[in-house]
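What follows is one structure encoded as structure tokens, with my remarks underneath.
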Amino acid sequence: MSAPAGEAAPRFRPRTDVPRLIAHRGLSAAAPENTIAAFEAAEAAGFAWVEFDVMLSGDGVPVVIHDETLGRTTDGRGKVAETPLATLKTLDAGRWFAPQLAGQRIPTLEEALAALDRLGLGANVEIKPARGHEAETGAATARLLAERWPARLAPPVVSSFSPTALKAAHAAHPAHDYAPLFERIPKDWAARMQALSAQALHCSAKRLSEAQAREVTATGAAIRCYTVNDRAMAERLFGWGVESLFADDRPT
Ligand code: G3P
Ligand code: MG
């Protein structure tokens, strides 16, 4: 999107403390995604930040999980949004990945924050609402982060694919550092960032072109791309001015 003639392009001023590589869902190549073990693996591998996904349990508690359904990453069945926390907590979230990681649980967001504090890890918290629960997930996540984010850590980046979740999060706590998340960058990306006072956008590496990257970074905005495990692709994206990459492990 170019600025109309005579109108200055918006200027963004992103923070400078977000690392170049962020462990995606924790270090998800080395440990079951979105578990405390994956955070520990990220820290052990020298990552300074992790990304993880937050959804609400059936009784409205923010928990760390990617899929709306339990079958892929736990030994449970059914929908996260229809399962109370007490039941979620009985499920094994590690055995599917490796037998020796059996016993990992779905962390609550609160438990995840305590682990980040213990490990000294920063984070991109992705609000990942189940369909139909966008606004409540956004608001609950933003509130809990405002109350419980560890004071010793750099502030989190809060992202989502869901404009409704981001709007509700922003209304609940405008001061978080928000970043809209796109599969493909839309024409109105700058307006969507401005509505959240965002200074960065997150997008799929596969769908990004060099021209788009240059257009966005020319405004000062930062781009962070998922999911990049290939070193040649990482170097290409950094060459286009992309600031950070989400990776399941160090790109090889
Ligand atoms: O937040 C970046 C990335 O995690 C978005 O995609 O599906 O892995 O949550 P997904
Ligand atoms: Mg994610």
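Atoms within a ligand are numbered from 1 in the order they appear, just like the ligands themselves.
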Exercise for review: Kindly determine whether Gln212 and Trp189 satisfy side-chain hydrogen bond (donor to acceptor under 3.5 Å, both in side chains), including the steps that lead there.
Suggested key: CA-CA 11 Å; Gln212 277 179 318; Trp189 61 269; over 6 Å; no

Practice item. Give the atoms of ligand 1, by number and element, whose distance to some non-hydrogen atom of Arg25 is under 4.0 Å. Key: 7 (O), 8 (O), 10 (P)

Review point. Applying the 4.5 Å side-chain criterion to the ILVMFWY set and letting contacts propagate, would Phe39 and Val18 be lumped into a single cluster?
Key: no

Exercise for review: May I ask you to check if Arg250 and Phe47 form a cation-pi contact, with NZ or CZ under 6.0 angstrom from the six-membered ring centre and within 45° of the axis?
Suggested key: yes

Practice item. Do me a favour and list the nearest non-hydrogen protein atom to atom 5 (C) of ligand 1 with residue, atom name and distance? Key: Glu126 OE1, 3.4 Å

Practice item. Pick one of side chain, backbone, both or neither for how His202 approaches ligand 1, counting any non-hydrogen atom pair under 4.0 Å. Key: neither

Practice item. Give a yes or no on whether Lys79 atom NZ has more than 12 heavy-atom contacts from other residues, nucleotides or ligands under 6.0 Å away. Key: no

Exercise for review: Classify the contact between Asp53 and ligand 1 as side chain, backbone, both or neither, using a heavy-atom distance cut-off of under 4.0 Å.
Suggested key: side chain

Study note, to complete from the structure: Closest to atom 7 (O) of ligand 1 among protein heavy atoms sits His66 NE2, 2.7 Å

Practice item. Determine whether the side chains of Asp59 and Ser57 contain a donor N or O and an acceptor N or O closer than 3.5 Å. Key: yes

Check your understanding: Between Leu121 and Ile36, is there a shared hydrophobic cluster once you connect ILVMFWY residues whose side-chain heavy atoms come closer than 4.5 Å?
Key -> yes

Review point. Angle subtended at the Mg ion (ligand 2) by OE2 of Glu51 and OD1 of Asp53, to 10 degrees?
Key: 110°

Check your understanding: Counting both backbone and side chain atoms, is some N or O of Thr227 under 3.5 Å from an N or O of ligand 1?
Key -> no

Review point. Has Arg224 got any heavy atom lying under 4.0 angstrom from an atom of ligand 1?
Key: no

Exercise for review: Report yes if some N/O of His24 lies less than 3.5 Å from some N/O of ligand 1; otherwise report no.
Suggested key: yes

Practice item. Check whether Ile106 and Leu27 end up in the same hydrophobic cluster, where Ile, Leu, Val, Met, Phe, Trp and Tyr are linked by side-chain heavy atoms less than 4.5 Å apart. Key: no

Practice item. State the atom name: nearest N, O or S atom of Glu126 to the Mg ion (ligand 2). Key: OE1

Practice item. Can you sort out which atoms of ligand 1 are near Leu181, meaning under 4.0 Å from one of its heavy atoms? Key: 1 (O)

Study note, to complete from the structure: The salt bridge (Lys or Arg N to Asp or Glu O under 4.0 Å) partner of Asp177 among Arg224, Arg13, Arg15 is Arg15

Revision key, fill the gap. closest protein heavy atom to atom 6 (O) of ligand 1 is Phe161 CE1, 3.8 Å

Check your understanding: Near Lys128, which atoms of ligand 1 are under 4.0 Å from a heavy atom of that residue?
Key -> 7 (O), 9 (O), 10 (P)

Exercise for review: Evaluate the side-chain proximity of Arg25 to Val64: yes if any heavy-atom separation is below 4.5 Å, no if none is.
Suggested key: no

Review point. For atom 4 (O) of ligand 1, which protein heavy atom lies nearest, and how many Å away is it?
Key: Glu51 OE2, 2.7 Å

